[in-house]
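Below: the structure, in structure tokens.
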Amino acid sequence: MGIYDSVSNVIRHFGCRLGAASLLGVLVLALTGCGAFPAPGYSEKTGAEVMMDTYMTFSIKARPGENADSLYDSIVDKGRFLEKDLISGYIEGSELSRINESAGKAEGYPLSGEMEEYLTDCLEISEKSGGAFDISLGALIELWNLEDAIKNETRDYIPPADEEISDCLKSCGYEKIRIEDHRIFIPEGMRLELGAVGKGILLDSAGEEVSKISSGILAAGGSIRTIGYKPGGGKWNIAVRDPFDTGEIAESVGLLGDYFVSTSGDYERFIKADDKKYHHIFDPKTGYPADSGLTSVTVVMKAEEGSGLLSDALSTAIFVLGENEGRVLANEYGVYVIMIRDDGKIVRYGELR
Ligand code: ADP
Ligand code: MG
């Protein structure tokens, strides 16, 4: 999988000189920016980064008196810190790795304030989604080892055996996680994995910078934060890629102001074996890649009414739950959802506020 494949929403600035809607168009657009020279007193910055194994583009216009370059650097620094020191389960010494090392230990692990907040939020979403969203699937994700297989384009991928999967599920389950007196206790064999919400947390971590930005877009792969107006005024047009023809757009939403948009789908990170498609979002009930009849789920949420973590977790949860239960969860959180079914039908649910 190339890094470009992880950009699962296509951003289009209407009226922009380079407003092509193809995947490549996104990159050209994102890298070169839009609009003419900034008005006096405003500074702009557009750039691209690879973080969290994902190609990210940030395009920002600072409020008067603020400096776009330093805001941009600060967003990137926070993102790198977040990944390396806190939430990556693959970097030795990160807080999440230490938590995982503490599995089964009677004394548990003392949580930082930030991590306690992320994990508490995640557990609440697990509860509300009936366990469809579950951060305790690390061992299962490792057992399937799909990320490596996808990266290396492994031929003859062999999925794990049923017994291995059911055995592995014994060390999973969010309800076995206990947080008490700022310490976390996870049972032996359990590994936490925050891959489903990492990019959303990154968008949240930019909150202070966002308040100093008059207009912009932070695109962390399939998780996006819009800020203010599109350059020149008007709505940001966020497009959802067509899962059946990934160079095309299936649907788009116009957003004015600060929103989180998150997409989860089975059409980017998957591998084929024996004519079956194995993708990276698991149904915690079965231990197999989710097969709920949906191929793509996009959640749109007003920034002030939620968080990047929440919109990210909800897109994953609704993907696992499927159309009907997905609607119930979307309704509970008051978010707007675009679901694309396996048969190609697009289902929109909720109110775009
Ligand atoms: P992406 O990471 O491609 O944006 P998602 O946000 O939907 O896609 O997250 C998928 C990642 O979340 C997987 O790679 C895996 O690490 C983790 N994951 C898989 N299934 C679940 C689940 N049911 N609940 C929480 N996390 C999951
Ligand atoms: Mg997600």
Side-chain angles (χ1 to χ4, degrees), residues 1 3-9 51-56 83 87-90 96 100 118-119 121-151 168-169 172-174 177 191-204 219-224 240-241 243 260-271 278-292 294-301 306-322 325-326 329 335 337:
M1 192 205 63
I3 47 172
Y4 302 149
D5 297 324
S6 56
V7 182
S8 73
N9 285 308
M51 285 189 272
M52 301 181 178
D53 223 4
T54 301
Y55 184 78
M56 305 191 180
E83 178 179 18
I87 62 171
S88 170
Y90 305 96
L96 195 69
N100 286 336
Y118 308 149
L119 297 178
D121 287 354
C122 286
L123 292 177
E124 191 187 316
I125 303 162
S126 295
E127 195 83 44
K128 289 202 170 146
S129 65
F133 173 78
D134 192 331
I135 54 166
S136 72
L137 304 183
L140 183 77
I141 291 164
E142 219 162 88
L143 175 70
W144 279 86
N145 196 23
L146 282 170
E147 294 290 335
D148 273 356
I150 293 166
K151 249 184 222 159
C168 188
L169 282 178
C172 301
Y174 75 93
I177 303 171
R191 284 181 63 82
L192 304 188
E193 160 66 47
L194 290 173
V197 286
K199 289 159 245 164
I201 296 176
L202 183 145
L203 298 179
D204 289 332
S223 306
I224 285 175
V240 178
R241 197 184 301 162
F260 290 109
V261 182
S262 168
T263 298
S264 289
D266 64 7
Y267 53 92
E268 281 189 341
R269 294 195 180 198
F270 68 87
I271 195 155
Y278 297 101
H279 65 83
H280 73 315
I281 303 175
F282 294 95
D283 183 342
K285 290 211 164 78
T286 63
Y288 280 82
D291 185 17
S292 68
L294 298 177
T295 184
S296 160
V297 173
T298 297
V299 168
V300 183
M301 174 189 286
S307 66
L309 181 151
L310 180 59
S311 78
D312 244 10
L314 288 178
S315 68
T316 305
I318 294 171
F319 184 90
V320 172
L321 288 172
E325 287 180 64
L329 189 64
V335 294
V337 198

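Computed from a predicted structure; not experimentally measured. Atoms within each ligand, like the ligands themselves, are counted from 1 in listed order.
- Taking every non-hydrogen atom of E147 and a distance limit under 4.0 Å, the qualifying atoms of ligand 1 come out as 14 (O).
- At a heavy-atom distance under 4.0 Å, no atom of E268 approaches ligand 1.
- A salt bridge links E124 and K128; the closest N-O separation between the charged side-chain nitrogens and carboxylate oxygens is under 4.0 Å.
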Requested in this report: Could you go through the side chain to side chain contact (heavy atoms under 4.5 Å, CB included) check for V335 and V337 one step at a time?
Outcome: CA-CA 6 Å; V335 294; V337 198; 4.2 Å; yes

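- Between S315 and ligand 1 there is no heavy-atom distance shorter than 4.0 Å.
- In terms of protein heavy-atom proximity, atom 16 (O) of ligand 1 is closest to E193 OE2, 3.2 Å.
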Requested in this report: Verify side chain to side chain contact (heavy atoms under 4.5 Å, CB included) between F260 and L310, making sure each step is shown before the conclusion.
Outcome: CA-CA 9 Å; F260 290 109; L310 180 59; over 6 Å; no

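- The backbone N or O of R191 lies less than 3.5 Å from no partner atom in the side chain of N100, so there is not a single donor-acceptor pair.
- Side-chain atoms of D204 come within 3.5 Å of backbone N or O of L309 as a donor-acceptor pair.
- Looking at A196 next to ligand 1, an N or O pair under 3.5 Å apart turns up.
- Checked by distance only, ligand 1 and H280 come closer than 3.5 Å through their nitrogen or oxygen atoms.
- Checking only distances, F282 does come within under 3.5 Å of ligand 1, N or O to N or O.
- Residue Y90 is tested with E83, E193, E147 for a side-chain hydrogen bond (donor to acceptor under 3.5 Å, both in side chains); the sole match is E193.
- Angle O (D312) to the Mg ion (ligand 2) to O (A196): 100°, rounded to 10°.
- Heavy-atom distances between G200 and ligand 1 stay at or above 4.0 Å for every pair.
- Atom-to-atom distance recorded for L294:CG and F319:CZ is 7.0 Å, nearest 0.5 angstrom.
- Considering backbone and side-chain N/O of A132, one or more are found under 3.5 Å from N/O of ligand 1.
- Close to ligand 1: K199, with a non-hydrogen atom less than 4.0 angstrom away.
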Report task. Let me see the working for S315 and S264 under side chain to side chain donor-acceptor pair (under 3.5 Å), right down to the final yes or no. Result -> CA-CA 6 Å; S315 68; S264 289; 2.9 Å; yes

Report task. Carefully, step by step, assess D291 and T286 under the rule side chain to side chain contact (heavy atoms under 4.5 Å, CB included). Result -> CA-CA 10 Å; D291 185 17; T286 63; over 6 Å; no

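- Among protein heavy atoms, the minimum distance from atom 7 (O) of ligand 1 is reached at S264 OG, 2.7 Å.
- Atoms of ligand 1 lying under 4.0 Å from any heavy atom of F133, numbered from 1 in the order shown and given with element: 24 (N), 25 (C).
- Remark: among candidates D134, L194, D53, the nearest residue to atom 25 (C) of ligand 1 is D134, based on non-hydrogen atoms.
- Ligand 1 places these atoms under 4.0 Å from at least one heavy atom of P284: 23 (N).
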Report task. Apply the test side chain to side chain contact (heavy atoms under 4.5 Å, CB included) to residues V197 and D121: give CA-CA distance (whole Å), side-chain angles for both, the deciding distance (0.1 Å), then the verdict. Result -> CA-CA 11 Å; V197 286; D121 287 354; over 6 Å; no

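- Pairs passing the salt bridge (Lys or Arg N to Asp or Glu O under 4.0 Å) check and including a residue from residues 129-140, sequence neighbours excluded, do not occur.
- Ligand 1 has no N or O atom lying under 3.5 Å from any N or O atom of D312, backbone or side chain.
- The closest protein non-hydrogen atom to atom 21 (C) of ligand 1 is L137 CD1, 3.8 Å.
- Those atoms of ligand 1 with a heavy atom of I141 less than 4.0 angstrom away are 15 (C), 16 (O), 17 (C).
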